[in-house]
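Contents: one structure, followed by commentary.
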Protein chains: 2
Amino acid sequence: MTQATELADTRNICPAESLIEAFERLGAHRCLDRETEVYGQDGLADMFYRVLRGVVRTSRLTLDGRRQVGAFYYPGDLVGLETGPRHRFAAEALTECELQAVRRTALRAYAGEAAVDRAILHATAREMERLQEHVVLLGRRNARERVASFLLALAQRAPSGHVDMPMGRQDMADYLGLTIETVSRMLTQLQGDAIVEFPSTRRFQVRKWNALEAMAA
Amino acid sequence: MTQATELADTRNICPAESLIEAFERLGAHRCLDRETEVYGQDGLADMFYRVLRGVVRTSRLTLDGRRQVGAFYYPGDLVGLETGPRHRFAAEALTECELQAVRRTALRAYAGEAAVDRAILHATAREMERLQEHVVLLGRRNARERVASFLLALAQRAPSGHVDMPMGRQDMADYLGLTIETVSRMLTQLQGDAIVEFPSTRRFQVRKWNALEAMAA
DNA sequence: CGGTTAATTGAACGCATTCAACACGAGTGG
DNA sequence: CCACTCGTGTTGAATGCGTTCAATTAACCG
C-alpha cells in the first residue's frame, strides 16, 4: 500500500492518478468567460470540476451583502469538493477558464470505484487542511500577516521570479477578511520594507523570502 | 439509491449506519480525563475517533502562542477527519470523555469497504461545511454576531430549555477569534437585550429565538 | 486622448483589544 | 461559619488597528 505523496506540497488540491484518468474519460469539457458562474451558491452539488486552464474563485454572499471568498483554484486543482447536498459557496471563473466537469455518480460508477473514492477522499483532505489554515488566518492573524501569507502562498505556487496575481484587490480583501483599503496599505507597507516589490499592481516579486515566511508564520 | 438525510441537520458530524457498525466492532474504547490529549498537533493522523460521552475540542497553537480552537465535538460526532498525513489541530478532551478509536487502515480493510469509505466521505463533507461556515464567521461577522451564532449553535443542539456550556470563556474566544473580554461583553449585552438569559456562567436559555437567528444570519 | 474602472492615499472614526481592577464561586482550613 | 485563596468571569478606561468616507492617482481601453 503505497502512501502517495507524503511530501509537504504547497500547491492546491491535485488529484491522484486514478482520478485524473477518470476525469479524462468521463469529463465534459467546459470553457468559461471571465466572471461567469461554474455553480451557484446553494446550487445542487452533483459535479466535480478539474481546472485545466485559468483560475476559479469560490465565494459566499451573505444576506446583507457581505462577501467571503473561499479559495482560488489553479490548473490541476479540483473544485466542488466542498460537498454535502448543496454548495455553501458559489464558484466563478476569475479568469477565462477551461474545466473538466464530471457527474459525481458517474465518477462513483467508474471502474475501480474504491480507488476513485479514495482519491476523492484524499483530495478532500487536502481541501480541509487548506480550510483549517484559512480559519487560523482569519481567527488569529492581523492584517499584515494575512497579506503576507497570501503573497507567500502565491509565490510558492510559482517560484519563478515574478508572480502574477489574477485576482483584484477586492478579491484579496474578501478572501482575507479585510477591506480593499487595508490590503492596499499592507501591500505598500510590505513593499516599503523591501520584502516584496510590485512593478505593476497585478505582478510582484519576493525580495526577502525569510522575512515573508516569518510574517506568514 | 437512497440519499440518506437530506434534512437540514444542525448537529455535528454524525456517521452513517455502516460506520457506526464498524466502530462498534473495531473500536478500541478509551476514557479520558478533562484536558487530556486525544492526539497532538502535528501528530500522525492514523486514527478516527467517535465521541460516546463528553466533549472534545480541537485547537491549534501558533509559534508565538496564539491559539485557534477549531471545533467542539459532541457525542455521536466523528473526530480526526481533518486528515492528511498529520493533524493540523490537536484534539483534547474538554470534559471527561469516552471515545471509540479506530485505526484508519483497519476501517478501510473492513468488509464493505466502499460503503465505509463513502460514509467517511459523507462525514468529511459535513465537517467541511462546518469549516466553511467558520470561515465566513471569522472573516465577515462582528463580535456580536459571532457570539450570537455560537450560542445559537449550542442551543440548536439541545433545544430543551436550558443549555449547558461545557467550554469556558477562553475556549469560546479562541473559537470565535476574539478575546475573552469581548466575549464576556457581548454575552452581557445579549442578556441586556433580553435575547438570552444566564442563570449561571455556564448555563443559558434563549429568550428571543428570532432575534438570535437574525443576528447569527 | 478622454472616459472608466481599479488602486492608492489621507483623515476621522469606531470596534475590538489591552491593561488593570474588581466580583464571583468553589474549595480549604482555621 | 467565616476567612482565605485561586481560578474564572466581569467591568472600566485607554489605546490602537482596521474601517469608513472621501479624494487622488494609476491603469486600462475605447
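So that the names make sense, note that chain A is the first sequence line, chain B the second, and so on, each numbered from 1. All values reported here derive from a predicted model rather than from experimental measurement.
Contacts between residues 173-198 of chain B and DNA chain C, defined by a heavy-atom separation under 4.0 Å, are made by B/G177, B/L178, B/T179, B/E181, B/T182, B/R185.
Interatomic distance, B/T58 OG1 to B/Q68 CD, rounded to the nearest 0.5 Å: 9.0 Å.
Rotation axes derived from the C1' atoms of the five outermost pairs at either end of the helix from C/dC1-D/dG30 to C/dG30-D/dC1 lie 30° apart, to the nearest 10°.
Checking side-chain atoms of B/R57 against main-chain N and O of B/E35 turns up no donor-acceptor pair under 3.5 Å. Judged by distance alone, with hydrogens and angles left aside, the side-chain atoms of A/T95 form a donor-acceptor pair with the main-chain N or O of A/V55 at under 3.5 Å. The closest donor-acceptor contact from the side chain of B/R67 to the backbone of B/T62 lies at 3.5 Å or more, if one exists at all. At distances below 3.5 Å, not a single donor-acceptor pair connects side-chain atoms of A/R60 with backbone N or O atoms of A/F89. Remark: side-chain polar atoms of B/R104 are paired, donor with acceptor, to backbone N or O of B/A45 under 3.5 angstrom. With hydrogens and angles disregarded, no donor-acceptor distance shorter than 3.5 Å links the side chain of A/S184 to the backbone of A/I180. Within the 3.5 Å criterion, the main-chain N or O of A/L61 finds a donor-acceptor partner in the side chain of A/Q41. Looking only at distances, no side-chain donor or acceptor of B/Q205 sits under 3.5 Å from a matching main-chain atom of B/V163.
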Atom pairs under 3.5 Å, N or O on each side, protein against nucleotides 15-17 of chain D: can you list them with distances?
none

I'd like a list of close polar pairs between nucleotides 25-30 of chain D and the protein, N/O only, cut-off under 3.5 Å.
none

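Relative ring orientation between B/F150 and B/Y175 is described as tilted, the plane-to-plane angle lying within the 30° to 60° band.
As rounded to whole Å, 13 Å separates atom C1' of D/dG7 from atom CD of B/Q170.
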For this session: Quick one: do A/E98 and A/H29 satisfy side-chain contact (heavy atoms from CB on, under 4.5 Å)? Show the steps, please.
Result: CA-CA 7 Å; A/E98 212 172 319; A/H29 214 261; 2.9 Å; yes

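Annotation: cation-pi pair A/R30/A/Y49 absent, no NZ/CZ under 6.0 Å from the ring centroid and within 45° of its normal.
Under the salt bridge (Lys or Arg N to Asp or Glu O under 4.0 Å) criterion, the residue pairs touching residues 138-150 of chain B are A/R66-B/E145, A/D174-B/R140, B/R144-B/D193, with sequence neighbours excluded.
Within 6.0 Å of the CZ atom in A/R34, the count of heavy atoms belonging to other residues, nucleotides or ligands does not exceed 12.
Contact footprint of chain A on DNA chain C: nucleotides with an atom under 4.0 Å from a non-hydrogen protein atom, first to last in 5' to 3' order, C/dA7 to C/dA11.
Side-chain contact annotation: A/E92 with A/S59, donor-acceptor N/O pair under 3.5 Å present.
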